[in-house]
Amino acid sequence: MSILGMKGSDDALTTKENTNVVAGKTMTEAYKTALVDLLYQLADDDLVFGHRSAEWLGLAPDLEEDIAFSSIAQDEVGHAAFFYSLIAELTNQDADTLAFARPSQERKNASLLEQPNGDWAYTIARGFVYNTFEQVRLEALLVSNYSPLQQGVRKILREERYHVLHLETWFERLGVAGGEARKRVEDAVKRVWDDLQDLFSLGQFADALAVEGIMPVTREHLATAFDQSARSVFERAGMIWPEMPLTHGETDGVTDGRLGQHTEHLDELLSVMTEVYRSEDGSSW
């Protein structure tokens, strides 16, 4: 089926509001440009993470995790479908085309999410980090002045809380287990932290997002909120909290997926993810 059919477990991720209206007024081009860029970040993040989660089907450690990761994947792709639908309405484009036909250099997902799944410990560490960040970002959007986005986010957060809880539980379990499990998750955290920086990037229109009231926070605010939320989980897992990369050093030279800068892994992922879509022009999968 099409991307618009993937609504996860909440079929209410739609709005009848005019998506080109803000506070009763027609939105400006500057507002729309910043908004669409943010929506691409949200949609591309969830689509890529959803696909990576789906890759565990039949390979997870047990049947329970097969089911859990299938559910997470479906939810994330459903959330992506909602964000793509908003973009489609704002730009008069087709949501399936936005999801499956754009080349890697037009994608806005964080580079962390496109990395291969690796072992179970890496998948858990990345999933925990991303979902903790995602919850922080979505909570920041609860005060967005773009009501179709704000209303959709309220519904999405209900599902995301279960994702965070599931991944926190696994992260703590691996940490307190000691031995090989502890070593693997510690190594995984190091790898995740190497790719963490652009997760907090808000792209080239970050200032406009705040000024226009679309997402009235800074990347430093997101990093601080993430720090406060994730640090306590590290403590419960008995693991050392790494220094947040955004608290020191320069970001120049760091790959920023929000600007379309990606690794070869995204091209490989898109090749697999869009195979059915590309097999017949205009088909739905």
Side-chain angles (χ1 to χ4, degrees), residues 3 6-10 13 38-57 59-60 65-84 87 98-100 102 104 107-138 141 152-153 156-168 170-171 188-189 191-201 203 222 226 229-230 255-258 260 262-263 265-274:
I3 187 73
M6 299 295 291
K7 295 297 185 185
S9 63
D10 190 340
L13 288 178
L38 175 64
L39 289 171
Y40 271 127
Q41 295 175 40
L42 296 165
D44 291 346
D45 274 357
D46 281 352
L47 184 62
V48 171
F49 182 71
H51 183 81
R52 284 301 191 206
S53 297
E55 290 176 344
W56 278 104
L57 182 60
L59 300 174
E65 288 310 309
D66 261 1
I67 296 171
F69 267 72
S70 294
S71 178
I72 289 172
Q74 182 180 9
D75 286 347
E76 296 291 359
V77 174
H79 302 163
F82 167 69
F83 297 127
Y84 285 126
I87 300 171
L98 297 175
F100 302 119
R102 292 157 50 233
S104 60
R107 303 280 170 163
K108 306 288 185 179
N109 62 276
S111 57
L112 170 68
L113 305 178
E114 66 203 43
Q115 305 306 308
N117 283 331
D119 64 9
W120 185 245
Y122 179 79
T123 291
I124 293 299
R126 176 175 61 185
F128 158 63
V129 165
Y130 173 61
N131 280 271
T132 301
F133 163 78
E134 186 175 26
Q135 182 166 278
V136 165
R137 180 172 60 180
L138 292 172
L141 287 169
V153 161
I156 290 172
L157 272 169
R158 299 171 192 166
E159 294 176 342
E160 288 299 335
R161 290 190 178 101
Y162 289 104
H163 299 178
V164 171
L165 178 61
H166 185 78
L167 290 158
E168 281 183 359
W170 259 106
F171 188 80
V189 166
R191 290 177 55 201
V192 168
W193 246 248
D194 286 342
D195 294 313
L196 190 60
Q197 209 153 39
D198 74 334
L199 187 64
F200 299 92
S201 170
L222 294 177
F226 171 86
S229 181
T255 298
D256 190 343
R258 309 300 187 202
H262 297 285
T263 68
H265 301 302
L266 182 60
D267 287 317
E268 296 166 1
L269 183 151
L270 291 176
S271 177
V272 173
M273 187 176 69
T274 64

- Item | Any donor-acceptor N/O pair, D119 side chain to Y122 backbone, under 3.5 Å | yes
- Item | Shortest non-hydrogen separation from F83 to L39 and the atoms involved | CB-O, 4.0 Å
- Query: What's the verdict on side-chain hydrogen bond (donor to acceptor under 3.5 Å, both in side chains) for E159 and H79, showing C-alpha distance, side-chain angles and the deciding distance?
  - Reply: CA-CA 10 Å; E159 294 176 342; H79 302 163; 2.4 Å; yes
- Task: Go through the side-chain N and O atoms of Y130 and D46 and say whether any donor and acceptor fall under 3.5 Å apart.
- Result: yes
- Item | Flag side-chain contact, heavy atom, 4.5 Å: T123 against W170 | no
- Query: So how far is it from L199 CG to L222 CG, rounded to the nearest 0.5 Å?
  - Reply: 9.0 Å
- Item | Student check: side-chain heavy atoms of F49 and D45 closer than 4.5 Å | no
- Would you check if M273 and L270 make a side-chain contact, meaning some heavy-atom pair closer than 4.5 Å? yes
- Do H166 and N131 have side chains that get closer than 4.5 Å, going by heavy atoms? no
- Query: Between L59 and D66, what is the shortest heavy-atom contact and its length?
  - Reply: N-OD1, 3.7 Å
- H262 NE2 to D256 CG distance, which is reported to the nearest 0.5 Å: 8.5 Å
- Message: Determine whether a donor-acceptor pair (N or O, by modelled atom type, separation under 3.5 Å) exists between the side chain of N117 and the backbone of R52.
- Response: yes
- Task: Report yes or no: does R107 contribute a side-chain atom to a donor-acceptor pair with the main-chain N or O of G257 at less than 3.5 Å?
- Result: no
- Item | 4.5 Å side-chain heavy-atom contact, H51 and L269 | yes
- Note on the structure: On a heavy-atom basis, the closest approach of A73 and A54 is CB-N, 3.7 Å
- Message: To check you understand the geometry: which heavy-atom pair defines the closest contact between L112 and D198, and what is its length?
- Response: N-OD1, 4.4 Å
- R258 side chain vs K108 backbone, donor-acceptor pair below 3.5 Å: yes
- Message: Any side-chain to backbone donor/acceptor pair from S271 onto D267? Under 3.5 Å, distance only.
- Response: no
- Query: Do W120 and E65 have side-chain N/O donor and acceptor atoms under 3.5 Å apart?
  - Reply: no
- Which value, rounded to the nearest 0.5 Å, describes the distance between S53 atom OG and D75 atom CG? 10.0 Å
- Query: What heavy-atom pair brings R126 and L113 nearest, and what distance separates the two atoms?
  - Reply: NH1-O, 3.5 Å
- Task: State whether a side-chain donor-acceptor pair under 3.5 Å links E134 with H163.
- Result: no
- Would you say the ring centroid of F226 lies under 6.0 angstrom from that of F133? no
- Can N109 and E114 be counted as having a side-chain donor-acceptor contact under 3.5 angstrom? yes
- Query: Considering only heavy atoms from C-beta outward, does the side chain of V48 approach that of E76 to under 4.5 Å?
  - Reply: no
- Message: Do S111 and D195 pair up side chain to side chain, a donor and an acceptor below 3.5 Å, judged on atom types alone?
- Response: no
- Query: Nearest 0.5 Å, what's the CG-CG distance between L157 and L141?
  - Reply: 9.0 Å
- Message: Please tell me whether D44 and Y84 have a donor and an acceptor in their side chains that are separated by less than 3.5 angstrom.
- Response: yes
- Residues passing the salt bridge (charged side-chain N to carboxylate O under 4.0 Å, His left out) test with E168, sequence neighbours excluded, are R236
- Quick one: does S71's side chain have a donor or acceptor within less than 3.5 Å of a partner on I67's backbone? no
- Message: So which atom in G50 and which in V77 form the shortest heavy-atom distance, rounded to 0.1 Å?
- Response: CA-CG2, 4.2 Å
